[in-house]
Amino acid sequence: MSIRHGLLALLERGPRYGSRLRTEFESRTGSTWPLNVGQVYTTLSRLERDGMIVQDVSDDAGHDLYTITDDGRAELRTWFETPVDRTSPPRDELAIKLAMAVGAPGVDIRDVIQSQRHHTLKAMQDYTRLKARALADVPANRDEVAWLLVVEQLIFQAEAEARWLDHCESRLVRLAEAAATEPAAGPGPAATRGPARTPVGRTRSKR
């Protein structure tokens, strides 16, 4: 998630001060990714340093207002036009956990999968209820439409994770079945067992 570009998108709608930007950002995303004021002002400071915004006026209440610059608008346009890079995905804690659980002493990976599946399905149900409430009335403004898009993405993500967990469990079952049907390793070739011995008390005939 790009806080930097999210704030630029809000500032394109007009000058804003820090705490208002925080409120509007969370309204757009349904507080899915909550921000603290410190994050907002740190990002604003960097944007100002990079020439993307300027701070030059205050409102009637004395709030310092930030305004997007032409460079900021150009940066925002580039962000909207450039696909999100999926070639270097962020680390996924669940994928790392399952990878490390394979063969880990004292860990039943099936229990790990079952526990995660329960949590994922519950999250999906919670998101679905949020979506139902959002659709109870036709979205009245762009903030409500934006939140609906976010919650639907969370539902699809949870569905995909649940399917992946089912796949992981099926793969483990197949591997366990294959291991159970493999023949036990027998003795090696006779040549590797050393020379044959003559039974005690008998001698080999000479030719």
Side-chain angles (χ1 to χ4, degrees), residues 1-10 22 25-43 45-47 50 75-76 78-135 145-189 192:
M1 177 191 59
S2 176
I3 298 174
R4 172 187 178 92
H5 294 101
L7 297 184
L8 283 176
L10 294 173
R22 174 196 177 193
F25 184 96
E26 293 186 349
S27 177
R28 279 293 183 101
T29 60
S31 298
T32 303
W33 301 286
L35 298 178
N36 61 54
V37 173
Q39 282 179 292
V40 172
Y41 280 104
T42 296
T43 304
S45 177
R46 291 171 180 167
L47 287 170
D50 295 339
E75 172 74 11
L76 186 60
T78 299
W79 182 58
F80 282 135
E81 295 166 2
T82 304
V84 175
D85 184 15
R86 299 300 188 193
T87 58
S88 299
R91 294 182 182 88
D92 184 278
E93 183 179 357
L94 177 56
I96 293 172
K97 180 188 290 188
L98 292 189
M100 297 302 169
V102 175
V107 176
D108 188 336
I109 190 171
R110 292 168 299 182
D111 289 342
V112 178
I113 291 173
Q114 182 61 25
S115 175
Q116 184 63 45
R117 182 190 288 113
H118 176 77
H119 176 81
T120 300
L121 292 177
K122 183 180 182 305
M124 185 166 61
Q125 292 167 357
D126 291 342
Y127 296 145
T128 302
R129 282 193 289 269
L130 288 174
K131 177 183 176 180
R133 287 203 293 268
L135 290 175
V145 173
W147 161 231
L148 186 59
L149 295 178
V150 169
V151 76
E152 287 175 333
Q153 190 271 345
L154 294 172
I155 292 170
F156 291 141
Q157 190 175 54
E159 289 176 344
E161 184 170 284
R163 290 198 301 272
W164 178 66
L165 289 168
D166 290 341
H167 167 77
C168 290
E169 190 170 48
S170 297
R171 180 174 294 281
L172 289 170
V173 169
R174 291 196 300 270
L175 290 175
E177 290 174 347
T181 58
E182 285 183 0
T192 65

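One is the number of the first residue; the rest follow in order along the sequence. Values reported hereafter were calculated over all heavy atoms of this structure, with side chains retained and with hydrogens, waters and symmetry mates removed.
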Trainee: Rounded to the nearest 0.5 Å, what separation is found between the CD1 atom of Ile3 and the OG1 atom of Thr42?
Mentor: 9.5 Å
Trainee: Got a second to check how far Leu165's CG is from His119's NE2, nearest 0.5 Å?
Mentor: 11.0 Å
Trainee: I'd like to check Val40 versus Phe25 (side-chain heavy atoms, cut-off strictly below 4.5 Å). Are they in contact?
Mentor: no
Trainee: Would you say the side-chain atoms of Arg28 pair up with the backbone N or O of Ala146, donor to acceptor, closer than 3.5 Å?
Mentor: no
Trainee: Test of understanding: with side-chain contact (heavy atoms from CB on, under 4.5 Å), list the residues that count as partners of Ala99, not counting sequence neighbours.
Mentor: none
Trainee: Between Ser27 and Trp147, what is the shortest heavy-atom contact and its length?
Mentor: O-CB, 4.3 Å
Trainee: Suppose we screen for side-chain contact (heavy atoms from CB on, under 4.5 Å). Which residues come up paired with Val145, at least two apart in sequence or across chains?
Mentor: Pro139
Trainee: For residues 86-96, which residue pairs pass the side chain to side chain donor-acceptor pair (under 3.5 Å) check, not counting sequence neighbours?
Mentor: Asp85-Thr87
Trainee: Quick one: does any side-chain atom of Thr43 pair with a main-chain N or O of Gln39 as donor and acceptor, under 3.5 Å?
Mentor: yes
Trainee: Can you name the nearest heavy-atom pair linking Phe80 to Ala9, along with the distance?
Mentor: CZ-CB, 4.3 Å
Trainee: Passes side chain to side chain contact (heavy atoms under 4.5 Å, CB included), Val102 versus Leu98? Steps please.
Mentor: CA-CA 6 Å; Val102 175; Leu98 292 189; 5.8 Å; no
Trainee: Once side-chain contact (heavy atoms from CB on, under 4.5 Å) is applied, do any residues pair with Thr128, and if so which ones, sequence neighbours excluded?
Mentor: Met124, Ile155
Trainee: Between Ala104 and Met100, what is the shortest heavy-atom contact and its length?
Mentor: CB-O, 3.5 Å
Trainee: Report the residues that fulfil side chain to side chain donor-acceptor pair (under 3.5 Å) with Thr120, sequence neighbours left out, ordered by chain and then residue number.
Mentor: Gln116, Glu161
Trainee: According to side-chain contact (heavy atoms from CB on, under 4.5 Å), who are the partners of Leu135, at least two apart in sequence or on a separate chain?
Mentor: Lys131, Leu148
Trainee: Is there a donor-acceptor pair closer than 3.5 Å between any side-chain N or O of Ser115 and the backbone N or O of Asp111?
Mentor: no
Trainee: Once salt bridge (charged side-chain N to carboxylate O under 4.0 Å, His left out) is applied, do any residues pair with Lys122, and if so which ones, sequence neighbours excluded?
Mentor: Asp126
Trainee: Taking all atoms of both residues into account, what is the closest heavy-atom pair of Val151 and Tyr127, and its distance?
Mentor: CG2-O, 3.6 Å
Trainee: So, do Trp164 and Leu94 sit near enough that their side-chain heavy atoms are less than 4.5 Å apart?
Mentor: yes
Trainee: To the nearest 0.5 Å, what is the distance between CZ (Phe156) and CD (Glu152)?
Mentor: 6.0 Å
Trainee: With rounding to the nearest 0.5 angstrom, report the CD1 to CG distance, Ile109 to Leu172.
Mentor: 5.0 Å
Trainee: Taking only residues two or more places apart in sequence, or in another chain, which ones meet Arg110 in a salt bridge (charged side-chain N to carboxylate O under 4.0 Å, His left out)?
Mentor: Asp108
Trainee: Is the shortest side-chain heavy-atom distance between Arg22 and Glu26 below 4.5 Å?
Mentor: yes
Trainee: Check whether any side-chain heavy atom of Asp50 lies under 4.5 Å from a side-chain heavy atom of Arg4, and answer yes or no.
Mentor: yes
Trainee: Test of understanding: with side chain to side chain donor-acceptor pair (under 3.5 Å), list the residues that count as partners of Arg117, not counting sequence neighbours.
Mentor: Gln114, Asp166, Glu169
Trainee: Answer yes or no: does atom CZ of Arg171 have more than 12 heavy-atom neighbours from other residues, nucleotides or ligands under 6.0 Å?
Mentor: no
Trainee: Supply the atom-to-atom distance Leu149 CG to Thr29 OG1, rounded to the nearest 0.5 angstrom.
Mentor: 12.0 Å
